[in-house]
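For reference, the structure is listed below as structure tokens.
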Amino acid sequence: QVQLVESGGGSVQSGGSLRLSCTAFGYSISSACMGWFRQAPGNEREGVAGIDRRGSTAYADSVKGRLTISRDNDKNALYLQMNSLKPEDTAMYYCAADFGASCQWSLLLRSWAYRNWGQGTQVTVSS
């Protein structure tokens, strides 16, 4: 079973940047769809960005142009570069992986399509 460990969260001011990392242990992510999700208190978990096996990406409308997802299969890692951060980006951010039939571009931002999750890293953006 793959273990996903996120890092890179923290507190920044509005307009600042952070880079989140997710390292996978126990299984190669090269054949997986990978995604970043976030959940703020009282809100449902939402898909932020996803990347499929071929490197095709998908983004939530609220983050397009500000967040960039990337993967490094050699390092077995997933990244989320976050620029121009806003207070509404404040949330716990989770890394997710799916190796099965749900690994499709159309499902990249659907939390139910992922079976493997990390513990999350907190991002706080102050105004």
Side-chain angles (χ1 to χ4, degrees):
Q1 184 175 353
V2 64
Q3 181 184 9
L4 303 173
V5 179
E6 301 97 335
S7 62
S11 297
V12 296
Q13 291 191 330
S14 182
S17 297
L18 284 173
R19 187 189 192 216
L20 305 185
S21 298
C22 171
T23 302
F25 299 92
Y27 208 89
S28 170
I29 67 167
S30 60
S31 62
C33 281
M34 304 291 294
W36 286 101
F37 291 78
R38 67 186 180 188
Q39 187 168 18
N43 290 356
E44 294 185 354
R45 188 170 297 190
E46 64 170 338
V48 174
I51 185 167
D52 69 10
R53 299 182 178 110
R54 297 173 298 175
S56 296
T57 59
Y59 295 93
D61 289 342
S62 60
V63 305
K64 284 181 180 177
R66 301 188 299 116
L67 275 57
T68 303
I69 189 171
S70 62
R71 65 194 298 165
D72 186 332
N73 291 336
D74 290 337
K75 294 183 178 180
N76 226 28
L78 179 74
Y79 305 101
L80 186 68
Q81 179 65 43
M82 309 171 71
N83 298 329
S84 302
L85 284 164
K86 304 176 181 180
E88 50 263 43
D89 294 318
T90 295
M92 185 71 78
Y93 282 72
Y94 298 91
C95 168
D98 183 77
F99 301 87
S102 296
C103 180
Q104 307 173 32
W105 182 86
S106 61
L107 301 179
L108 285 177
L109 301 184
R110 301 289 188 263
S111 60
W112 56 261
Y114 293 84
R115 296 188 177 183
N116 304 278
W117 293 85
Q119 293 300 307
T121 185
Q122 178 68 37
V123 171
T124 302
V125 184
S126 58
S127 57

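Being a predicted model, the structure only gives us computed values, none of them experimental. Note: hydrogens, waters and symmetry copies are ignored here, and every other heavy atom, side chains too, is used.
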inquiry  = Check whether E6 reaches the backbone of G120 with its side chain - one donor and one acceptor, N or O, closer than 3.5 Å.
reply    = yes

ask   = Is it the case that more than 12 heavy atoms not belonging to Y27 sit under 6.0 Å from its OH atom?
value = no

note = For M34 and C95 the tightest heavy-atom approach is CE-SG, 4.0 Å

key: Ring-face cation contact, Y79 with R19, 6.0 Å cut, 45° max   = yes

query = Which atom pair, heavy atoms only, marks the closest approach of G118 to Y94?
reply = O-CD2, 3.6 Å

ask   = Is D98 reaching over with its side chain to a backbone N or O of C103, donor-acceptor style, under 3.5 angstrom?
value = yes

inquiry  = Is it true that, when you exclude Q104 itself, more than 12 heavy atoms of the residues, nucleotides or ligands shown sit nearer than 6.0 Å to its CD?
reply    = yes

Test side-chain contact (heavy atoms from CB on, under 4.5 Å) applied to S28 and N73, step by step = CA-CA 8 Å; S28 170; N73 291 336; 5.9 Å; no

message = Which heavy atom of Y93 sits nearest to which heavy atom of V48, and what is that distance?
response = CE2-CG2, 4.3 Å

request  = Measure the CE-CZ distance between M92 and F37 for me, rounded to the nearest 0.5 Å.
outcome  = 16.0 Å

task = Search all heavy atoms of T68 against all heavy atoms of Y59 and return the closest pair with its distance.
result = CA-OH, 3.4 Å

Expected output: side-chain W105 to main-chain T57 donor-acceptor under 3.5 Å = yes

query = At their closest point, which heavy atom of V12 faces which heavy atom of L85, and how far apart are they?
reply = CG2-CD1, 3.7 Å

query = Side chain of R66, backbone of S62: donor and acceptor closer than 3.5 Å?
reply = yes

task = Determine the sole option in L18, V123, T124 for which the side-chain contact (heavy atoms from CB on, under 4.5 Å) test with S11 is passed.
result = T124

task = Check for a donor-acceptor pair, side chain of R53 on one end and backbone N or O of S31 on the other, with a separation under 3.5 Å.
result = yes

inquiry  = What verdict does the side-chain contact (heavy atoms from CB on, under 4.5 Å) test give for Q81 and S70, after you've listed the backbone C-alpha separation in whole Å, the side-chain angles of each residue and the deciding distance to 0.1 Å?
reply    = CA-CA 8 Å; Q81 179 65 43; S70 62; over 6 Å; no

key: Separation of S127 OG from Q13 CD (nearest 0.5 Å)   = 9.0 Å

ask   = Going by heavy atoms in the side chains, are T90 and Q122 under 4.5 Å from each other?
value = yes

key: pair L20-M82: side-chain heavy atoms closer than 4.5 Å   = yes

ask   = Could you state the interatomic distance from SG (C33) to CG (D52), rounded to the nearest 0.5 Å?
value = 5.5 Å

ask   = Are I29 and L80 connected in a single hydrophobic cluster, I mean Ile/Leu/Val/Met/Phe/Trp/Tyr linked by side-chain heavy atoms less than 4.5 Å apart?
value = yes

query = Name the one of N76, V5, L4, V2 that satisfies side-chain contact (heavy atoms from CB on, under 4.5 Å) with F25?
reply = V5

query = Is there a path from Y114 to I69 through hydrophobic residues (I, L, V, M, F, W, Y) whose side chains come within less than 4.5 Å of each other?
reply = no

ask   = Is it the case that one hydrophobic cluster holds both W117 and L108, taking links as side-chain heavy atoms less than 4.5 Å apart, direct or via other members?
value = yes

Single-linkage hydrophobic cluster V63~W36, side-chain heavy atoms < 4.5 angstrom = yes

inquiry  = Could you tell me if the side chain of D89 sits less than 4.5 Å from the side chain of R38, heavy atoms only?
reply    = yes

message = On a heavy-atom basis, which atom in A60 and which in G47 lie closest, and how many Å separate them?
response = CB-O, 3.4 Å

